[in-house]
Colleague: 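Just passing along the structure, written as structure tokens.
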Amino acid sequence: MTDEQTNETLLEVDAISLSFGGVHALVDVSFDIRKGEVRSIIGPNGAGKSSMLNVINGFYHPQEGTITYQGQARKQMRPHDAAAGGIARTFQNIALFKGMSTLDNIMTGRNTHMSKSLFWQALRIGPAQREEIENREFVEHVIDFLEIQSIRKTPVGRLPYGLQKRVELGRALAAEPTLLLLDEPMAGMNLEEKEDMSRFILETNDEFGTTIALIEHDMGVVMDISDRVVVLDYGRKIAEGTPEEVRANQDVIDAYLGVSHD
Amino acid sequence: MGNSLELQGDTFPQLLLQRLKHDAERPAMREKAYGIWQTWTLGELCEESFALAAGLADLGFARNDTLVIIGDNRPRLYGSMIAAQALGGVPVPAYQDSVAEEIQYVVDHAEARFIIAENQEQVDKALEIKEQCPRVAFVIYCDPKGLRKYDPQVVMDIQTVMARGRELLKADPDKVNAEIQKGKSSDTSIILYTSGTTGRPKGVVLSHENLLVTARNTNAFDGITAEEEVLAYLPMAWVGDNVFSFAMGFVAGFCVNCPESTNTVAQDLREIGPTFYFAPPRVFESVLTSVMIRMKDAGRLKRSLFDHFMKVAKKTGVALMDGQSVPAWDRFHYWLGELLVYGPLKNTLGLSRVRVAYTAGEAIGPEIFEFYRSLGINLKQLYGQTEATVFITMQPDGVVRSESVGTPPPGVEVRIEENGEVVYRSPGVFKEYFKNPEATAETKTSDNWVHTGDAGYFDDEGHLRIIDRAKDVGKLNDSSMFAPKFLENKLKFFPEIKEVVTFGDQRDFVTAFINIDLDAVGNWAERNNVAYASYQELAAHPEVYALVQGCIEQVNQSLAQDSHLSSSQIRRFLILHKELDPDDGELTRTRKVRRRIINERYGDLIEALFDGRTNCFVSTEVMFEDGRQGQIEADLEIRDAAVSQEPSRAAA
Amino acid sequence: MAFDIFLLEVIISGLMTGVMYALVALGFVLIFKASGIFNFAQGVMALFAALALYDFLAEDGWFFAVFGFTLPVWLAIPATGLIMVVLAWVIERTVLRFMVKQNEIILFMATIGLAFVLEGLGDILFGSDVKPLDIGIPQGASDWLLDNFNLYIEQLEIFAAGTAAVLVVVLAIFFQRTRIGRALRAVADDHQAALSVGVSLDKIWVIVWSVSGIVALVAGIMWGSKSGVQFSLSLIALKALPVLILGGFTSVPGAIVGGLIIGVGEKLAEVYIGPMVGGAIENWFAYMLALAFLLFRPQGLFGERIIERV
Amino acid sequence: MFYRESGQLKSSYIADQAMFPIAQDRWFVIGVLAVAFLVAPFFINEYWANAILLPFLVYALAALGLNILTGYCGQVSLGTGAFMAVGAYASFKLVGFFPELNFLIVLALSGVVTAAVGMIFGLPSLRIKGFYLAVATLAAQFFLVWMFNKVGWFYDYNLTGMITVRPIDFFGIRITGPEATPAAKYLFTLTVVAVLALSAKNIVRGRIGREWMAIRDMDIAAELIGIRPLQAKLSAFAVSSFYVGVAGALYFAVYLGSVEPVEAFDINQSFYVLFIIIIGGLGSVLGAFLGAAFIVLVPILLKNIMVGGMGFDSGMAGHVEILLMGLLIIFFLIVEPHGLARLWQIAKEKLRLWPFPH
């Protein structure tokens, strides 16, 4: 938890319902995310966690409810508005741009901070050159932060899984997000990789004051790094609170901890 | 500097003030960071260093204070050395991979109040020892990552200190300059802690004069100029780095490059392409190994091309390197090899621009040494130690041998003591061991001769050969030198031989126990249809005896080449029926022979080696793997090995 | 009243053409469904089949030159079918099996290459001049329709539509009722599943290419009878493409319905819009129609709406 | 082997991000350009210009355009021929309206017109993907060619339906029509192509290029990190069409001199350009040039061998040529689906590591 954490709400999800052709993915879910906290969304498979993230950054459009982000209430987000508004994310199944290098992948994260026109880019002098270099400098700091200097120019397709996950985090961080959505950042990782990833998540939260909302399966990790947890099951919110409170909640134990999911 | 201007200045900061007048715009240091080689010109480096000095002074850093520096090679850390020296203080670099306990000793012994640490990892160590070292008042870091929440009263950003310094310099621009002018050449430039094999590390105190004179001499010796590129990748706490990167760099004016991290050194080496390069033998060895391993995966054409031209290099390369005359056809053949193999190979390794390369620290395998030289890399050996500001002997261009370490460079005198120990006197001789007058007195005589603790001799060419630690060297009855470890190492170069124990001190001649290497000899046995059921049986096999005898006689032949060693030829040997084993106390855990135990256990065998018996019965207690005690008995054959005569060349 | 008759004629004629489009589109769908390959060579395959058939029937062909006699129609058609099967086998052996793991664009490009090869081969073997193909399909308008309903409709078109309809039914039965047909459907969903049915992938590919080769043969016969065997016959493939976007690349009913829509739409446009803009709009009208349609329903007629996931 | 990179250190981002960061590459490119600009013009003749160099340059430019759309942005187009036609007719009409206008400006405007048309036909790409889009671009192909053929205004109501270029002077030097020297045509085309190729290289290395590639590699993820698919795809269509349009204008005005739309810009032209980028390499500027060289030279080679060497009649040689081109394409796709550029890439990697295999 950062020093800057206040009780100020960054994002509020209010009575969101989402369905696909009669299948209810989310039903009347409400919770908030405070500035500077690490907020986890947990729940068994199919509980609607990823759908929740997809709603927050505008990929899915809920039928009911509103999302209030930075004081602005919206019925639904548009992905680009979400990104421009400082919401960045990573994906459950790595969604890197396979044909590009680590550096270029992370540079795409700077996209919303770059604006120079095609004309200048074609000449690559003056403003476009400056803009490119300024953003490269920023990206190099991200690379340094994530300790991936040695793979800077490697095409991401050639990287092992754990490093790809890290590059993806880098791409999200390059956007200088206010709110960072992490969809199972540690899925499929070994213990060492998980520890590294936890460290990077906490340091991100710490150093840049980035608010983080994450979905994770590994309960140990969730309990370690979250400030508050919200629990979904079958698309409904069944509990919410600090890790300790959630751990003690009987509904949660029944729905999640007690039942052996994957 | 790049011109003939003789540089003035008694201390490094004074030297830099001089150089600033001409060279302020020259790149002085680079560091691979954030994807590119971030460059500090001499002006920028000095500006930062002097600002840091002013900031440090403000924090209370005074003349003769020590500044402990922990971290990888970084321009800012070199800069902090300048800062400390500017104020008349003393930088004390510590090994960056030391554990906190080791650092604590250095910090405590050097009475340091200031620590400069590269990053969070090193800051954590510094804070860990702070309780035991109450003097420590400030820990200053370069890389702020992860350090935001530390107590800002104690742990501070180097940028903050520099910023404070800049403010003060604005008010009083001469503040640091005045301090620099007070410096004398006899002032301590640096304290380097050597990790002795026994006891606590000793702090070797080197003066500015030591370093400046040594640097000038060495630059002249090898023609080092301001145009060199050097990669500073060996620990800053090691005297070599301080001489090669810091002292020689600032004197000659060349640019020193710091790698991004320890695991990118190979890549960074390639990017920099140093012209002056130092590496310990193990680095050269592992590079060679990786070359061979990588070439194994090459296609057949490439492989045979490589093999062919490596043969050519072996035949022609070294001769060309030594400036001998080579037939035109061979010269062309080598040139073709340079085009197709050596050139690209050196380039990928980052060694294509090397003009002078040195190795030192331990013996380098002759094949490894020849490999690099045959590629046209001017690899040479030197012999030195911290107390000498590195250089005791060096190999001049054109007379380079793998078995010897060269001649004393100008200004250095070397002598061999009665007991074979090498002693020297030079402008680089250290001032003292810090706060340790007894040790200083033990090592350094009143007229400045320093005992190295190594035994050696000058061979017939006049080149120094180091053979052993002086305390291990004995004498044969004809009073010639007996260096057991030297002989044993020579034998152990054969893959078939795993361990050797030689005897000869106070004897008429030299004898040896041999342990065969089960893997290598077992392989050989399979190929030669030698049947065996056990180690013992294999060891006693007459053909194995013949094999080992061949190895010994080869060594004898090479020993006979050298008048100092020819009486150390091994006349009689036996092959032990069991492997020397740490579990039985015969070896240390690091596989060093425990002579005392061997003498006790195998006394009769040793006597048999010298009294002319042809075999000897032995029964030894052993510990089996399951912990049971047991007896191994055997009747061991003792053989004579042929001894070579001194060649006529040596007689001349 | 006369106007209505005319409209009816146009629509029926459109439907007839539509059935033929559907037939070509079906060839595409078969291959795409079973192998994910968008077979651009489908049109050239029809040309090639027609050329081969002509060769069996005509006295200036290779067959006559070698054997000294020509085949009767009832034997020539199966013989050509056999050639198409051999062709399918050769294509599988020499091209497809080396490209199993390639992405679909690359496969698509390969079929364009294949089209070039077949075109070149056809030209070298049979020459590039226009050849009349007559297998005894009655020509001219149907008197019966003209007499009883006052409709002017080509007998060839009726015959072609009938044949196409029969073929569609046969294929439907083949897919639904036979073991191999079921395996083919399985392979569309999941290659592993197909293997577990016990049919190897390369065999499936040979079968599916054979089937589409035979479909091409039928299409070749129809179009060849109508306007002679010539290079432009291969362009009917281009006619079938709008049908595909309309009906979806994987839907058999889509290909049929799409074909009918395009057939009728095109005829109507040709008759009512063409004269206003200078004619010859049949080249592009179908595309525009399909495109306009797509903008409102990107998944095609029978495609399911895709829920995108991340 | 020839890459001796040791010592080429980069101490600024400008150097690190240079178009050709390796010195040897830089010198090679400079060398090629020097030969192309300073040596070739003295040796060029009618045959070299018309049979080899002009078609090579024009097709390379068109392929570059298509590669931007297909190779970089992942949108398959089969309408290249028609977009070339737009460029050609735009330049024809522009020269007709403003005979005094500098031909470079005419070319640029033709490109802009084509870009606008390309964007219109690119609109469906927002809703449809893959083959659906490829087929949709055929609509442009058939519709546009039909239009140029049918609407008299485009060909100035000429009875033949063809358009023929007027004589154009570029800073006093005739560059079109039969009076223009091969060297003048070649140098003018080369200059345009070189400038546009370098610009393309810059664009694909920058923000816009990364947006395209992001869309190509994973469009959903690209959208979710804030790339607007609309902008990215339409800009790809626009830039691509601009290049194709300029190529079409050069094709018509400088290379051929007069064209008839149905023949010059039919669907085979689209395939031809598509082959170039497939054989040259998708997503590579170099690939457009390698592919164009291959596609232009191989038929000439084949024809020379068959007609000159083996005595085929030219009709038969044409058939064999079609067959062999088809086989070559299949062969390439099987052996190296990423094209000549990838082969070069691999060779380069090997040369950089020589003598090591990896």
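So you know, we letter chains A, B, ... as the sequences are listed, proteins then strands, and number each from 1.
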Colleague: Might you confirm whether atom CG of D:L38 has over 12 heavy atoms from other residues, nucleotides or ligands at distances under 6.0 Å?
Modeller: yes

Colleague: Mind checking salt bridge (Lys or Arg N to Asp or Glu O under 4.0 Å) for B:K315 and listing every partner two or more places apart, or none if nothing turns up?
Modeller: B:D330

Colleague: With D:F242, which residues qualify under ring pair (Phe, Tyr, Trp, His ring centres under 6.0 Å), at least two apart?
Modeller: none

Colleague: If you count heavy-atom pairs under 4.5 Å between each of D:L9, D:L353, D:L351 and chain B, which one has the most?
Modeller: D:L9

Colleague: Less than 4.5 Å to any heavy atom of chain D: does that hold for the side chain of B:L340, its backbone, both, or neither?
Modeller: both

Colleague: Tell me whether D:F28 at atom CZ has more than 12 heavy atoms from other residues, nucleotides or ligands lying less than 6.0 Å away.
Modeller: no

Colleague: Does some side-chain heavy atom of B:L349 sit less than 4.5 Å from a side-chain heavy atom of D:F356?
Modeller: yes

Colleague: Output the option from B:L351, B:L345, B:V341 having the highest count of non-hydrogen pairs under 4.5 Å with chain D.
Modeller: B:L345

Colleague: Please check if atom CZ in D:F2 has more than 12 non-hydrogen atoms from other residues, nucleotides or ligands closer than 6.0 Å.
Modeller: no

Colleague: For B:E48, enumerate each residue passing the salt bridge (Lys or Arg N to Asp or Glu O under 4.0 Å) test, keeping only those at least two apart in sequence or located in another chain.
Modeller: B:R76

Colleague: Check chain B against chain D and list any donor-acceptor pairs under 3.5 Å.
Modeller:
| from | atom 1 | to | atom 2 | distance (Å) |
| --- | --- | --- | --- | --- |
| B:Y34 | O | D:Y13 | OH | 2.6 |
| B:W37 | N | D:K10 | O | 2.8 |
| B:R270 | O | D:S6 | OG | 3.1 |
| B:R270 | O | D:G7 | N | 3.2 |
| B:R270 | NH2 | D:R352 | O | 3.0 |
| B:E271 | O | D:G7 | N | 3.0 |
| B:E271 | O | D:Q8 | N | 3.4 |
| B:R294 | NE | D:H358 | O | 3.3 |
| B:R294 | NH2 | D:H358 | O | 2.9 |
| B:D297 | OD2 | D:H358 | NE2 | 2.8 |
| B:K302 | NZ | D:F356 | O | 3.4 |
| B:L339 | O | D:R4 | NH2 | 3.3 |
| B:L340 | O | D:W354 | NE1 | 2.6 |
| B:N347 | OD1 | D:E5 | N | 2.8 |
| B:N347 | OD1 | D:S6 | N | 2.9 |

